[in-house]
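Okay, structure first, notes after.
Chain letters run A, B, ... following the sequence lines, proteins first, then strands; residues in each count from 1. Keep in mind the model is a prediction, meaning the values are calculated, not measured.
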Protein chains: 2
Amino acid sequence: MADDIAGRGDPIKTLQLMWGRIEAPKRGPKSKLAVADLVRAAVRLADEEGIDAVSTRRVAEAVGISPMSFYTHIPDKAVLLDLMLDAVARPADGSEEAQAFRPEDWRANVAFVAREYRAFYLRHPWVLQVATHRPVLGPNTMRAYDYFLAAFDGLNLSEVEMDLSVTMVANYVHGAVRDVARARMVKELTGMSDDEWWHAIAPFLETVDFSPYPVASRIGPVVGELYGLGDPDRAFEFGLECLLDGLAVMVERKGGRR
Amino acid sequence: MADDIAGRGDPIKTLQLMWGRIEAPKRGPKSKLAVADLVRAAVRLADEEGIDAVSTRRVAEAVGISPMSFYTHIPDKAVLLDLMLDAVARPADGSEEAQAFRPEDWRANVAFVAREYRAFYLRHPWVLQVATHRPVLGPNTMRAYDYFLAAFDGLNLSEVEMDLSVTMVANYVHGAVRDVARARMVKELTGMSDDEWWHAIAPFLETVDFSPYPVASRIGPVVGELYGLGDPDRAFEFGLECLLDGLAVMVERKGGRR
DNA sequence: CATAACTATGTACGGTGTAAAGTGTTATTT
DNA sequence: AAATAACACTTTACACCGTACATAGTTATG
């Protein structure tokens, strides 16, 4: 139930683990396991069974150690979550990121990274449910940020404007992907499609007086008939287009390439 | 840890509870407690101690019944969460919602509802952590949706365009408020400010080679020096302005009021 | 007055994160 | 070569969670 936040496994330790900066201990028995093994197992669990399936016990079991041995490698579940987030931010193997930007078409570049980011969330929907303590400053996350920023490079934007633009697009994508991700998870976990759900509650809704919601009762039925619970792909593209139009205003004001 | 989704307390029961449609039972002892009492207690817990503090046991304790008596009133924890979400969507007492829109200034209207929505999340940050099974179709949520929609009324937008616009703005707000909400919770729960955290990790960051992230290492320091971890209020307003610019393109094309 | 319908409770189970203490292995120090 | 410190790993234990199940007490109806 609901992500936790605590942790208190000091941030330095987290960073050291994330950047592989834990020097191999001199004495004591060598461990057969690397931290990366635990993280990989945890990510697999999350991908396959959802974030709730990720418990320190199950991760330990997955890599073949006893429950408490988990804590030999990772101080905290909260730290594990941070490590998972950075691990998963690595570009998919052999993949699309190699694509170079087209210098003369910034709209295409921004749209591309936005769609990539959305696809990332859809690959690992549990990421949306993990509340991190602080920004994850791992190598893969940094790389993703860098790539995102690069889409706004060469437009004569100030550093701050570039950062704000990335933040805005990232925020939009995050918000927009949430519904789709939820819908997918619900369908998988409950075996009830949106249509079935809608039909199940329709009889009840007919008994409700919607007159206190005049605008909604004008809009809702039209939208509902055309799209059911909404077409999230279309909604995403609509919002993205609108965002790009807004960015264009700034870009043109700054005299960047069009 | 991480919101759950399941529940299977059938949707009809949830709706009945939300709309107060459970007819008072004829026989049996009268309950001194209303469902609303449980929900209110749960919301208080969430507001004061975070969503993790909301357990069926603690809610029961808060209203003075034994742990299992909770289930006499509410079938499921998942249903409780839905009820909490709708309860909290009610406009704050005596408040701002009374404000009428200015018919000739749609930008102001949209900005207003966006800021209101953001303020709502900041009042109840735990809402961001609750994954609902399906859209919450309660009276208060409906009212909020209606109000949001009304900001786009009279602009000659089609029903679908109105819905997509609301969705887009809501998605942006949702994404944008996430960081602030997190920052606040972390500060409260850990007693460590962002500045302290930053200073704690700075020595480590100096040992990291950032050359693989050329754009980020050009942008990051400038942004960092000026704003530390970022000024979320400014980021929000920047993105909102940009969104409004984008919406303006559509609104003007449709020949609505400017 | 018996019974059905209802509120409320107690007990129990399998799950969680992790504190604390103990066991055995290894590299260094004496 | 023996002692020791550092380490991986395990066992046990605790307090919490959601909730299934069985039970006890209360009330309106037949």
Side-chain angles (χ1 to χ4, degrees), chain A residues 1-10 13 17 22-35 37-38 42 45-46 49-82 84 129-131 133 189, chain B residues 1-10 13 22-35 37-38 42 45-46 49-82 84 130-131 133 189:
Chain A
M1 302 265 144
D3 347 57
D4 69 347
I5 275 205
R8 315 305 309 109
D10 70 323
K13 193 68 189 292
L17 286 167
I22 302 288
E23 66 289 3
K26 301 294 175 219
R27 311 190 190 186
K30 304 295 176 207
S31 173
K32 205 62 193 298
L33 265 53
V35 171
D37 295 324
L38 293 177
L45 269 173
E49 301 183 43
I51 192 67
D52 286 341
V54 178
S55 71
T56 57
R57 285 173 155 89
R58 287 205 60 188
V59 171
E61 188 195 5
V63 297
I65 56 181
S66 79
M68 281 309 289
S69 297
F70 173 92
Y71 293 95
T72 303
H73 305 278
I74 296 175
D76 222 63
K77 186 177 176 182
V79 172
L80 172 68
L81 293 176
D82 272 0
M84 289 171 67
Q129 293 177 273
V130 176
H133 337 170
L189 294 178
Chain B
M1 304 266 141
D3 346 57
D4 70 347
I5 274 204
R8 316 304 311 110
D10 70 321
K13 193 69 190 290
I22 303 289
E23 67 289 0
K26 301 297 176 216
R27 310 191 191 185
K30 303 297 176 205
S31 173
K32 207 58 193 302
L33 266 53
V35 171
D37 295 325
L38 292 177
L45 269 174
E49 301 182 42
I51 194 65
D52 285 340
V54 178
S55 71
T56 58
R57 286 173 153 91
R58 288 205 58 189
V59 171
E61 188 195 4
V63 297
I65 58 181
S66 79
M68 280 310 289
S69 298
F70 172 93
Y71 293 94
T72 304
H73 302 93
I74 297 175
D76 224 61
K77 186 177 176 183
V79 172
L80 171 68
L81 293 176
D82 272 0
M84 289 171 68
V130 176
H133 338 171
L189 294 178

Nearest-angstrom distance from the residue atom [atom1] of [X] to [atom2] of [N]:
X: B:Leu80; N: D:dG18; atom1: CG; atom2: C1'; result: 12 Å
X: B:Lys77; N: C:dT16; atom1: NZ; atom2: C1'; result: 12 Å
X: A:Glu61; N: C:dT16; atom1: CD; atom2: C1'; result: 14 Å
X: A:Ile22; N: D:dA6; atom1: CD1; atom2: P; result: 17 Å
X: B:Tyr71; N: D:dA22; atom1: OH; atom2: C1'; result: 17 Å
X: B:Leu81; N: D:dT19; atom1: CG; atom2: P; result: 10 Å
X: A:Ile74; N: C:dA19; atom1: CD1; atom2: P; result: 15 Å
X: B:Asp76; N: D:dC17; atom1: CG; atom2: P; result: 17 Å

- Kindly state which residues belonging to residues 23-31 of chain B come within less than 4.0 angstrom of DNA chain D, counting heavy atoms of the residue only, listed by number.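 Residues of residues 23-31 of chain B that come under 4.0 Å of DNA chain D are, in numerical order, B:Lys26, B:Arg27, B:Gly28, B:Pro29.
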Only counting residues at least two apart or in another chain, list the ones meeting side-chain hydrogen bond (donor to acceptor under 3.5 Å, both in side chains) with [X].
X: B:Thr72; result: none
X: A:Ser31; result: none
X: B:Ser69; result: B:Ser66
X: A:Glu49; result: A:Arg58

- Task: Would you check, one step at a time, whether the test side-chain contact (heavy atoms from CB on, under 4.5 Å) holds for A:Val130 with A:Met84?
- Result: CA-CA 10 Å; A:Val130 176; A:Met84 289 171 67; over 6 Å; no
- Run the side-chain contact (heavy atoms from CB on, under 4.5 Å) check on A:Leu45 and A:Val59 step by step: do they pass? CA-CA 8 Å; A:Leu45 269 173; A:Val59 171; 4.1 Å; yes
Atom pairs under 3.5 Å, N or O on each side, protein against nucleotides 10-16 of chain D: can you list them with distances?
| from | atom 1 | to | atom 2 | distance (Å) |
| --- | --- | --- | --- | --- |
| D:dT10 | OP2 | A:Ser66 | N | 2.7 |
| D:dT10 | OP2 | A:Ser66 | OG | 2.9 |
| D:dT10 | OP2 | A:Ser69 | OG | 2.4 |
| D:dT10 | O5' | A:Ser66 | OG | 3.3 |

- May I ask you to decide if A:Ala24's main-chain N or O and A:Lys30's side chain share a donor-acceptor pair within less than 3.5 Å?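 Not at all, since once roles are kept as given, no pair shorter than 3.5 Å links the two residues.
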- Say you draw a straight line from CD1 of B:Ile65 to CG of B:Leu38; how long is it, rounded to the nearest 0.5 Å?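 Here the interatomic distance stands at 5.0 Å.
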- Task: Test side-chain contact (heavy atoms from CB on, under 4.5 Å) on B:Ile51 and B:Leu81 and set out the steps.
- Result: CA-CA 10 Å; B:Ile51 194 65; B:Leu81 293 176; 4.1 Å; yes
